[in-house]
Student: 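To start, I am sharing the structure in question, which I have written as structure tokens.
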Amino acid sequence: MQENARRSPILSHLIELRRVIIICFTSLAIAFCAIFGFFIDYLMIWITKPIQDKGIQIIYTTMSEALLTKFKVSVVGAVIISSPVIIWQIWRFIKPGLYPDEQKKCRFLFFIALLLFLTGVSFCYSAVYWLAVDFFLIQGAGLATPLLSLDNYVGFLFSFIIPFGCAFQLPVALYLTTRIGLTNYKTLATARKYVLLGIFILAAILTPPDVVSQIALGIPLYILYEVGLQVSRFTKNQRIESQI
């Protein structure tokens, strides 16, 4: 009887997890079909219009390139559109295991993380991406006529804005690591010079191989590190807090 009692909660969690996975994949599939079936042409025009307005022609070099690029854009769009459903399902799954005060902290932390991600993407697209595009175009001016491949252009765009959004989660990451005791304010403050070096190495990995984009990501990341450092100063280690 005791063994069955222990198995019952585990089984119910697995059933609930399966339900969450099914709903998440279903919402992704519906969003993908809707975008690819009805909106992909408008979306591709919107994505390529800024570069075409500069007088640069977008081409495709293989028979399947246009179709595969549309698939790629549709997948990214589906993830964005269905993300509220996915996040809500994940939240419903983990919520019963949290205390009321932990639920409030998680909701606030999620809001901050979402705001930072959108800020990073918006900052990249409006202030950094086109600086990098202009930089590359200037380097090739008079040397060759730019004919951008559709897949390469879309891949370059995504490889630029998505890392910015993820990198802007640094203050949240520092809060979490301080909260669980992996870091503390004193250690983070002492490691400033090493962190600065690590940030620019990370920026070189996350961004396309040019100095402009690496600096454009490295400087905001360091500013966010300083913000996260101040957050860490006023964040208590969960283990120490539980002992008080």
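Residue numbers run from 1 in the order of the sequence given. Atom set for the values below is all heavy atoms of this structure, side chains included, hydrogens, waters and symmetry mates excluded.
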Student: Where do Ile59 and Glu65 come nearest, in terms of heavy atoms and distance?
Tutor: O-OE2, 4.1 Å
Student: Out of curiosity, Leu150 CG to Met44 CE, how far, rounded to the nearest 0.5 Å?
Tutor: 4.0 Å
Student: Between atom CD1 of Ile219 and atom CG of Leu196, what is the distance when rounded to the nearest 0.5 Å?
Tutor: 10.0 Å
Student: What's the spacing between Leu114 CG and Ile87 CD1 if we round to 0.5 Å?
Tutor: 6.5 Å
Student: Say you draw a straight line from OG1 of Thr48 to CG of Asp53; how long is it, rounded to the nearest 0.5 Å?
Tutor: 9.0 Å
Student: Got more than 12 heavy atoms from elsewhere within 6.0 Å of CZ, Phe25?
Tutor: no
Student: Show, in sequence, the C-alpha distance, side-chain angles and deciding distance for Val195 and Leu188, and conclude whether the side chain to side chain contact (heavy atoms under 4.5 Å, CB included) test is met.
Tutor: CA-CA 8 Å; Val195 170; Leu188 293 173; 5.8 Å; no
Student: In this structure, would Phe156 and Leu147 fall into the same cluster of hydrophobic residues linked by side-chain contacts under 4.5 Å?
Tutor: no
Student: Restricting to non-hydrogen atoms, name the atom on Ala113 and the atom on Gln169 that form the minimum distance, rounded to 0.1 Å.
Tutor: O-NE2, 2.9 Å
Student: Taking the side chain as everything from C-beta on, heavy atoms only, tell me whether Phe36 gets closer than 4.5 Å to Leu43.
Tutor: no
Student: Tell me whether Trp46 shares a hydrophobic cluster with Ile161, the cluster being built from Ile, Leu, Val, Met, Phe, Trp, Tyr side chains joined at under 4.5 Å.
Tutor: yes
Student: Using side chain to side chain contact (heavy atoms under 4.5 Å, CB included), reason through Tyr153 and Ile47 one step at a time and then give a plain yes or no.
Tutor: CA-CA 10 Å; Tyr153 170 72; Ile47 289 175; 3.9 Å; yes
Student: Near Tyr60 OH, under 6.0 Å, is it more than 12 heavy atoms from other residues, nucleotides or ligands?
Tutor: no
Student: Does the side chain of Val121 reach to within under 4.5 Å of the side chain of Phe168, using non-hydrogen atoms?
Tutor: no
Student: Would you find more than 12 non-hydrogen atoms of other residues, nucleotides or ligands less than 6.0 Å from Lys72 atom NZ?
Tutor: yes
Student: For the backbone of Leu174 and the side chain of Thr177, can you confirm whether one donor and one acceptor N or O come within less than 3.5 Å of each other?
Tutor: yes
Student: May I ask you to check whether Tyr222 and Phe200 place their ring centres under 6.0 Å from each other?
Tutor: no
Student: Heavy atoms only: give me the nearest Ser232-Tyr185 pair and the separation to one decimal.
Tutor: OG-N, 3.4 Å
Student: What pair of heavy atoms forms the shortest contact from Leu170 to Leu224, and how long is it?
Tutor: CD2-C, 4.2 Å
Student: Determine the sole option in Val73, Ile45, Thr69 for which the side chain to side chain contact (heavy atoms under 4.5 Å, CB included) test with Ile40 is passed.
Tutor: Val73
Student: How close do Leu221 and Ala167 get, heavy atom to heavy atom, and via which atoms?
Tutor: CD2-O, 3.2 Å
Student: Side-chain contact, heavy-atom cut-off 4.5 Å: Trp91 with Phe110?
Tutor: no
Student: Quick one: does Leu68's side chain get under 4.5 Å of Thr62's, heavy atoms only?
Tutor: no
Student: Identify whether Ile80 and Ile162 are in the same connected component of the hydrophobic contact network (ILVMFWY, side-chain heavy atoms under 4.5 Å).
Tutor: yes
Student: CG/Leu157 to SG/Cys124 distance, rounded to the nearest 0.5 angstrom?
Tutor: 8.0 Å
Student: Is there side-chain contact between Thr61 and Asn152, with at least one heavy-atom pair below 4.5 Å?
Tutor: no
Student: Could you state the interatomic distance from CD1 (Ile90) to CD1 (Ile23), rounded to the nearest 0.5 Å?
Tutor: 11.5 Å
Student: Using side-chain heavy atoms (C-beta onward) and a distance below 4.5 Å, is Leu109 in contact with Leu176?
Tutor: yes
Student: If you count the non-hydrogen atoms of other residues, nucleotides and ligands that lie under 6.0 Å from OH in Tyr125, is the total more than 12?
Tutor: yes
Student: I would like to know whether Arg92 and Val20 meet side chain to side chain contact (heavy atoms under 4.5 Å, CB included); could you show each step before the answer?
Tutor: CA-CA 9 Å; Arg92 283 189 60 189; Val20 169; over 6 Å; no
Student: Less than 4.5 Å apart, side chain to side chain, heavy atoms only: is that true for Asp41 and Lys70?
Tutor: yes
Student: Say whether Ile22 and Trp88 are linked into one hydrophobic cluster, either directly or through other cluster members, by side-chain heavy-atom distances under 4.5 angstrom.
Tutor: no
Student: Closest approach of Phe32 and Ser74, non-hydrogen atoms and distance?
Tutor: CE1-CB, 3.4 Å
Student: When hydrophobic residues are tied together by side-chain contacts of less than 4.5 Å, even through go-betweens, does Val79 share a cluster with Val85?
Tutor: no
